[in-house]
There are 2 protein chains.
Amino acid sequence: MKLEQATIKDIARELNVSSSTVSRALKDYPGISDETKRKVKELADKMNYRPNAIALSLRKSRSFTIGVIIPEVVHFFFSTVISGIEEIAFSRGYNVILTQTNEKLSREMNSVDTMLSNQIDGFLVSYSKETSDFSHFTKLLDKGFPIVFFDRVPDIPQAINVTVDDFSGAYQATKHLIDQGYRKIVHLAGPSNLKISKERERGYREALKDAGIPINPSFIVECTHGTNDEAFEITKEIFADFSDKPDAFFANNDMAAVGAMMACKSLGLRVPEDVGIVGFSNWQFCSILDPTLSSVSQPGFNIGAKATELLLDIIEKKISIEEIHNPVVLETELLIRKSSVR
Amino acid sequence: MKLEQATIKDIARELNVSSSTVSRALKDYPGISDETKRKVKELADKMNYRPNAIALSLRKSRSFTIGVIIPEVVHFFFSTVISGIEEIAFSRGYNVILTQTNEKLSREMNSVDTMLSNQIDGFLVSYSKETSDFSHFTKLLDKGFPIVFFDRVPDIPQAINVTVDDFSGAYQATKHLIDQGYRKIVHLAGPSNLKISKERERGYREALKDAGIPINPSFIVECTHGTNDEAFEITKEIFADFSDKPDAFFANNDMAAVGAMMACKSLGLRVPEDVGIVGFSNWQFCSILDPTLSSVSQPGFNIGAKATELLLDIIEKKISIEEIHNPVVLETELLIRKSSVR
DNA sequence: TTGTAGGCGTTATCAC
DNA sequence: GTGATAACGCCTACAA
């Protein structure tokens, strides 16, 4: 059942004027008599006229819609980002088309295509774990199509990236553990194809180095999935296999930290007395765990907001791509709770 | 910078045929020579032709886009629903435009307008806490415009609603506590103006009644905000003030359950030995708490999926609105974990 | 101050 | 088997 939307033509017919007059009257163009304007606006109101955004898009080759591509919606961090995106987009009169890739490259490429079909004005992207070839993005970037990446950002020169300072967050977290007297710190790392994983690992390494603690390569373990189950198993294996038992864990994400915490508990180890733990992301649940989990907070809302502002500024040519030489890096903050203080 | 998308015209010009021929060839219409089809498709591919969905929308008065209006994105339940929506929409070739109202009626009305402007084919709505007048929806419903409400659904006859069985979930949870030998069960209730709160309280009452346990009115306490801090304070007060100490809590939501659990721990009470606790919603963190929290799961994904299927079926006229006499009510499931088993 | 005509990209309809 | 034309709703250069 389609809505019988009133069009400019309808108003024109009713008033015995041309549709251009109506169009102009509605937009307060100069050179239209006040009388006509009044009549047009009155009738438009009465007929509940709503401009057809689709027709406008076709006319202007601008849809006032941005496409958001993220790995998963059900994810505290990403939902926070979406919220930031939505706020800014709404306040600036843009629509948000959303799609999740479920970490599949094929779906990511598919979404890019559909959204382009829909003539979106630009993309906000956090790419999937499967994505290592970025040609579906670079093709667009090379033509000057506006794309802003956030969180998971590619390492290509044309890209405009909004991230948090993963390095610094990881550095602080590791340093904090060292300050608390922990020495044998395991890093539960993220997937190595993600830049954020690399940065966090780099922060970990640097903190150890600065403290004069030698880096034990077997203390850096990749958690591919980042689930607590995975981290649980990995942590148990570590304690079973290693002759040199760790006394702390710095995890690439909170879920992995939880897994480590559960594993420690199941082994009869006390947190934080025997083992210190720090996570990354500061998910909502950190403060309700027992013990509460120290974590590095990422300003998700701000990431979304900032990325959207950048994108819209580019779309509206308020700034040129060339002006953005440096990637935008937002601050992280280490939130110290009980799991890492002894 | 706009993308120079190849159009049908471009292909036509290049091949010295008319655009109608190209259009037909691309869609495998009968009455086009195989030779022409081949040439057209080949060139389309080479020029990276992508149909302009905007032009199509204008032509067909159909946008293959649905509008989703929810109170908040950063909310485990809603993000799960979105995920379900997105999956079904994607699989059936529809786009999803998303907007959050932040619980503001004005923004809800604004979003309805913008989305209508964008010629969406239908709405999926969970309305804001401020919304008590539904005329902005009924106006559309009366014209036969497709809207499906979920979770927060209005009590108006024309509406098509998808909800979960809150009553049954609450009943099961309470009965489970009783079965485990708990007798003095406090209900941390939700805001009394929401139908879901009332239903959950009704389930609690009914379960007690069926078990022959008298209802103690002071054991039903409203948690307006539903935060763990609030529930923490309330729980402590209950233990301080009541001569008749409770031995279990059934909370309207998981956060409140967490607050109760933390309060019990802080009072030296053991969960589940001294106090049993069950929450509602089955948020992600339930299984990582210590002890793990029993909770009633709401099938958020399925709610989103089912609502979307209904909406698309209506849009595509696979079913008529008249056929849906009964509201869709999805089952809840009690997930029994450690916090309620002794 | 207002009207006319053309076009954004596509397809349905009618013609050849 | 293929082409010309009109139309979806809107805007705007050009005319009047």
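Just so it is clear: chains get the letters A, B, ... in the order the sequence lines come, proteins before strands, and each one is counted from 1.
If one axis is set at each end of the helix from C/dT1-D/dA16 to C/dC16-D/dG1 from five pairs, those axes are 50° apart, to 10°.
Note on A/K129 versus A/E72: no salt bridge recorded, every NZ/NE/NH1/NH2 to OD/OE distance being 4.0 Å or above. The existence of a salt bridge linking A/R107 and B/E86 is confirmed by a sub-4.0 Å separation between a basic side-chain nitrogen and an acidic carboxylate oxygen. Ion pair A/E316/A/R92 flagged as a salt bridge, since at least one NZ, NE, NH1 or NH2 atom sits closer than 4.0 Å to an Asp/Glu carboxylate oxygen.
Partners of A/T101 by side chain to side chain donor-acceptor pair (under 3.5 Å), not counting sequence neighbours: none found.
A straight line from CZ of B/R13 to P of D/dG3 spans 15 Å, rounded to a whole angstrom. One can place CZ of B/F64 at 15 Å from P of C/dT10, the figure rounded to the nearest angstrom.
Note on ring orientation: taking the six-membered ring where Trp is involved, the planes of A/Y94 and A/F64 are tilted (angle from 30° to 60°).
A donor-acceptor pair under 3.5 Å is absent between the side-chain atoms of B/D313 and the main chain of B/I319, judged by distance alone.
Side-chain N/O atoms of A/T21 include none lying less than 4.0 angstrom from OP1 or OP2 on C/dT1. In this structure, A/S33 reaches the C/dT2 phosphate: one of its side-chain N or O atoms is under 4.0 Å from OP1 or OP2.
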Counting primed atoms plus P, OP1 and OP2 as sugar-phosphate and everything else as base, spell out the protein contacts along nucleotides 8-16 of chain D at 4.0 Å heavy-atom distance: B, S or - for each nucleotide, 5' to 3'. BBBBBB---

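Interatomic distance, A/I315 CD1 to A/K317 NZ, rounded to the nearest 0.5 Å: 9.5 Å.
Contact annotation for B/T36: backbone-only contact, meaning every heavy-atom pair under 4.0 Å involves sugar-phosphate atoms and none involves a base. Heavy atoms of B/N16 sit under 4.0 angstrom from primed sugar atoms or phosphate atoms, though from no base atom.
If you look at B/F137 and B/Y127, their ring centroids are not closer than 6.0 Å.
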